[in-house]
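Since the model is a prediction, treat every value here as computed from it, not as a measurement. Side-chain atoms are counted along with the backbone in the values below, which use heavy atoms only and exclude waters and symmetry mates.
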Amino acid sequence: MVHVVAAGLHREAGGLLVHLPGVVHEVALSAVEPLLPNGLRLLHVEGYRPPNLQRRYFEEYADELRAANPAWSDDQVHEAASRYVSPPEIAPHSAGAAVDLTLVDADGTELDMGTRVNASREESDGPCYTDADSISHQARTNRSLLASTLSTAGLINYRTEWWLWSYGDRYWALMTNQPAALYGPRSLR
């Protein structure tokens with residue numbers, strides 16, 4: 001179900017509304033949406049994720065990988081799981097600094113981006129990566145539009161997930177040569 005709110009579009013996932021911190025919300029909506037071509041909007045799939053939920057997502061994915069690869073060591077499972085779900089101690093969603101975004105048209109229909117949001121590496125066989133070669137020309141064009149628009153506003157993309165953008169987390173600090181992150185993991189009460 002998609003909810004239209006004054007500042008943009010938000011999708012409900014499992015009954016939870018998207019929560020975005022003030023800075024990411026302001027950057028993602030106020031600065032970015034006017035840069036999109038007429039009729040296109042951002043769809044916010046997920047923003048803030050509580051640390052306990054992040055831990056659950058990470059552990060569930062690690063369990064899937066462990067079952068599919070029983071010969072892997074714990075370190076191999078952790079490394080592979082970290083490519084798709086951030087470890088809870090460094091997760092940008094738990095810092096409130098990350099947002100999963102895609103593009104929709106004026107009717108709220110998601111544009112072709114090559115994969116669904118949250119497609120794992122195993123599920124997509126690679127096209128979840130931002131620069132994947134194995135996506136259609138239209139999906140490449142749509143990803144380029146999303147990337148150029150969000151980058152202009154100062155957001156940084158996690159290259160393993162075309163939909164994951166952040167501002168103020170540890171990865172953002174690294175990629176923008178900042179001395180430290182602006183946000184770290186936190187629980188909302």
- prompt: Are any side-chain N or O atoms of Ser124 and backbone N or O atoms of Cys128, one a donor and one an acceptor, separated by less than 3.5 Å?
  reply: yes

task: Quick one: list whatever passes salt bridge (charged side-chain N to carboxylate O under 4.0 Å, His left out) with Asp63, sequence neighbours left out.
output: Arg66

task: Determine whether Pro51 and Pro88 make a side-chain contact, defined as any pair of heavy atoms from C-beta on separated by less than 4.5 Å.
output: no

task: Please check if the side chain of Ser151 supplies one atom and the backbone of Ala147 the other of a donor-acceptor pair under 3.5 Å.
output: yes

task: Flag the pair Asn157 / Trp165 as yes when at least one side-chain heavy-atom distance between them is below 4.5 Å, and no otherwise.
output: yes

- prompt: Is any side-chain heavy atom of Trp72 less than 4.5 Å from a side-chain heavy atom of His78?
  reply: no

- prompt: Quick one: are Pro37 and Leu145 in side-chain contact, heavy atoms under 4.5 Å?
  reply: yes

query: Roughly how far, to the nearest 0.5 Å, is CZ of Arg41 from CG of Leu103?
result: 11.5 Å

- request: Please examine the side chains of Asn52 and Arg55, heavy atoms only from C-beta on, and report whether any two atoms are closer than 4.5 Å.
  value: no

- prompt: Under the 3.5 angstrom rule, does the side chain of Asp107 hit a backbone N or O of Thr109 as a donor-acceptor pair?
  reply: no

query: Linking I/L/V/M/F/W/Y whenever any side-chain heavy atoms sit under 4.5 Å apart, do Ile135 and Tyr158 land together?
result: no

query: In Å and rounded to the nearest 0.5 Å, what is the CD1 to CG distance from Ile156 to Asp169?
result: 9.0 Å

message: Using modelled atom types and a 3.5 Å cut-off, is there a donor and acceptor pairing between side-chain atoms of Thr149 and backbone atoms of Leu35?
response: no

task: Please list all pairs passing the ring-ring contact (aromatic ring centres under 6.0 Å, His included) test where one or both residues lie in residues 88-139, with sequence neighbours left out.
output: none

query: To the nearest 0.5 Å, what is the distance between CG (Leu146) and OG1 (Thr130)?
result: 9.0 Å

- prompt: Looking only at heavy atoms, which two atoms of Pro127 and Ser134 are closest? And how far apart?
  reply: CG-OG, 3.3 Å

query: Roughly how far apart are Leu150 CG and Leu36 CG, rounded to 0.5 Å?
result: 7.5 Å

task: Find the distance between CH2 (Trp163) and CD (Glu46) and round it off to the nearest 0.5 Å.
output: 11.5 Å

query: Can you find a pair of side-chain heavy atoms, one from Asn69 and one from Gln76, that are under 4.5 Å apart?
result: no

- prompt: Quick one: are Phe58 and Glu89 in side-chain contact, heavy atoms under 4.5 Å?
  reply: no

query: In Å, rounded to the nearest 0.5 Å, how long is the span from CZ of Arg140 to CE of Met113?
result: 9.5 Å

message: Which label fits Tyr167 and Trp172: parallel for a plane angle under 30°, tilted from 30 to 60°, or perpendicular past 60°?
response: tilted

query: In terms of heavy-atom contacts, does CD of Glu79 have more than 12 from other residues, nucleotides or ligands at under 6.0 Å?
result: no

field: Polar contact flag, side-chain donor to acceptor under 3.5 angstrom, Asn118-Arg116
entry: no

